[in-house]
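Okay, so here's the structure we're looking at.
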Amino acid sequence: MLVAFLRFLISLPYSQSIRLSFRCTSIPASMGSAAREWVGFKQFPTATQDKLVDLFGKLKEQGVNTLTILVMGKGGVGKSSTVNSLIGERVMNVNSFQAEIVRPVMVSRLRSGFTINIIDTPGLVEGGYVNYPALELIKRFLLNKTIDVLLYVDRLDSYRVDDLDRQIVSAIADGFGKEIWSKSLLVLTHAQLCPPDDISYEVFTSRRSEAVLKTIRTGACIKKRESEDYPIPVGLVENSGRCNKNESDEKVLPNGVAWIPSLVEEIISIATNGSKAIVVDQKLIDGSGSNDRGKLLIPAVIGVQWFIVELIKRAIRADIAKGGRSL
């Protein structure tokens with residue numbers, strides 16, 4: 001059979017064989033892979049396992065058997081490391097001397113009839129500007145998928161936000177609709193730190209969180225009422241091996257919180273907060289929703305223009321009439 005297949009390839013015209021080769025290699029295996037058994041779940045400390053079983057059990061009681069999480073943010077902030085920590089396996093390669101992923105990757109794990117999907121994505125900044133091609137690549141990868149939660153990842157140990165941060169938030173809102181921020185969780189990595197200038201850990205994390213949240217509200221044009229209805233919670237993360245542990249062997253932050261079950265609890269809270277999940281269909285990818293809204297305004301704009309032109313015409317005719325009488 002192999003020999004026959006090779007003969008078939010040889011018999012094809014060169015252009016057709018090139019197209020066939022491209023089709024066979026252009027789709028990453030991860031895009032169509034089925035969910036695997038969640039082996040990494042057993043690597044969590046017993047206390048963490050018990051908490052996660054309870055949290056996922058509450059979802060199943062509500063008839064929710066699948067949870068899909070989208071991870072986005074700038075490059076180098078710890079997106080892939082956070083995916084590894086949540087899965088409990090090294091599913092994403094993380095290397096300080098290696099470029100991050102260049103295309104979205106979905107990791108799916110199955111346990112006791114419950115499926116968790118986590119989608120890692122390329123960084124949204126390239127050369128100091130928003131990486132719009134990466135954003136389009138992400139949108140097309142998500143076609144026909146439903147996003148239950150967005151993890152917007154940044155670093156806790158950064159000390160400022162700038163206009164680029166606002167532009168990233170705005171680009172996400174433009175690409176997916178600002179409703180995606182009602183399904184979002186701000187994740188701040190590198191949370192095992194000593195705050196500068198004798199500021200307490202709680203005060204430092206609060207100031208840093210509020211600075212990023214303010215940028216999100218500004219960039220996504222979130223109104224005060226909207227932010228009150230669906231506030232964006234904050235999750236702190238420490239992916240490195242230097243993270244402290246409690247007596248139950250769970251990774252804990254300087255504030256004593258076991259961060260993995262705490263983060264999962266926030267994720268499930270967002271998934272069930274009453275706002276609609278984000279369904280990525282062809283209309284969203286094409287951006288036809290905004291175009292349709294613009295089309296609805298066309299008759300009104302034309303009507304206003306016609307009214308203004310008529311007023312000008314009447315004024316001209318009145319002015320001409322007055323001039324005629326004066327002569």
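Along the sequence shown, residues are numbered consecutively beginning with 1.
Under the 3.5 Å distance criterion, the side-chain polar atoms of Lys58 are left unmatched by any main-chain donor or acceptor of Val53. Put simply, the side chain of Ser158 never gets that close to the backbone of Asp154: no donor and acceptor are under 3.5 Å apart. Glu266 places no side-chain N or O within donor-acceptor distance of the main-chain N or O of Gly235, the cut-off being under 3.5 Å. A donor-acceptor pair is defined here as one N or O able to donate and one able to accept, closer than 3.5 Å; no such pair exists between the side chain of Lys251 and the backbone of Glu238. With Thr272 contributing its side chain and Ile268 its backbone, the two residues share a donor-acceptor pair below 3.5 Å. Between the Thr121 side chain and the Val71 main chain, a donor and an acceptor come within less than 3.5 Å of each other. Using a distance-only test at 3.5 Å, with no hydrogens or angles considered, no donor-acceptor pair links the side chain of Arg36 to the main chain of Val107. No donor-acceptor pair under 3.5 Å is formed between the side chain of Ser81 and the backbone N or O of Gly78.
One side chain, Thr82 or Asn239, offers a donor N or O that lies under 3.5 Å from an acceptor on the other. For the 3.5 Å distance criterion, the side chains of Thr215 and Asp165 fail to qualify, holding no donor opposite an acceptor.
Between Val83 and Met92, the closest heavy-atom pair is CG1-CG, 4.1 Å. For the residue pair Pro195 and Tyr201, the shortest heavy atom distance occurs at CG-CA, 3.6 Å. The two residues His190 and Leu156 make their nearest non-hydrogen contact at O-CB, 4.1 Å. Taking both residues in full, the closest heavy atoms of Glu136 and Ile285 are given as OE1-O, 4.4 Å, listed atom of the first, atom of the second, then distance. Contact between Arg207 and Ile199 at its shortest, heavy atoms only, is NH1-CD1, 3.6 Å. The heavy-atom pair separating Asn246 from Val252 by the smallest distance is ND2-CG1, 3.6 Å.
Between Val102 and Pro122, every side-chain heavy-atom pair lies at or beyond the 4.5 Å cut-off. Side-chain contact between Lys51 and Glu250: present, with at least one pair of heavy atoms (C-beta onward) separated by less than 4.5 Å. Side-chain contact between Leu151 and Leu86 is present, with heavy atoms from C-beta onward closer than 4.5 Å. In this structure, Leu150 and Lys183 have side chains that are not in contact, with every pair of non-hydrogen atoms separated by 4.5 Å or more.
Remark: Asp163 engages Arg166, Gln167 in a side-chain hydrogen bond (donor to acceptor under 3.5 Å, both in side chains) (not counting sequence neighbours).
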Please evaluate residues Ile116 and Ile69 with respect to the criterion side chain to side chain contact (heavy atoms under 4.5 Å, CB included), reporting the C-alpha separation (whole Å), side-chain torsions for both, the decisive distance (0.1 Å), and the verdict. CA-CA 8 Å; Ile116 183 170; Ile69 303 166; 4.1 Å; yes
Assess the residue pair Trp38 and Phe114 against the criterion (ring pair (Phe, Tyr, Trp, His ring centres under 6.0 Å)); give the C-alpha distance rounded to whole Å, side-chain angles, the decisive distance to 0.1 Å, and a yes or no. CA-CA 10 Å; Trp38 196 350; Phe114 184 85; 7.9 Å; no
Before giving the answer on salt bridge (charged side-chain N to carboxylate O under 4.0 Å, His left out), spell out for Glu226 and Lys178 the whole-Å C-alpha distance, their side-chain angles and the decisive distance to 0.1 Å. CA-CA 11 Å; Glu226 293 170 332; Lys178 77 173 184 178; 3.0 Å; yes
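Each of Tyr132 and Tyr129 belongs to its own hydrophobic cluster when Ile, Leu, Val, Met, Phe, Trp and Tyr are linked at side-chain heavy-atom distances under 4.5 angstrom. The same ILVMFWY cluster, assembled from side-chain heavy atoms under 4.5 Å apart, contains both Val264 and Val234. No continuous path of ILVMFWY side-chain contacts below 4.5 Å connects Leu143 to Leu137, so the two sit in separate hydrophobic clusters. Connection of Tyr230 to Leu67 is not established within any shared hydrophobic cluster, with ILVMFWY side chains joined at heavy-atom distances below 4.5 Å, either directly or through further cluster members. Linking ILVMFWY residues whenever their side-chain heavy atoms come closer than 4.5 Å, directly or via other members, leaves Leu59 and Leu110 in distinct clusters.
Relative to the six-membered ring of Phe141, Lys145 meets both conditions, a distance below 6.0 Å and an angle of at most 45° to the axis.
With respect to Asp157 and Arg155, a salt bridge is recorded, a charged nitrogen being found less than 4.0 Å from a carboxylate O.
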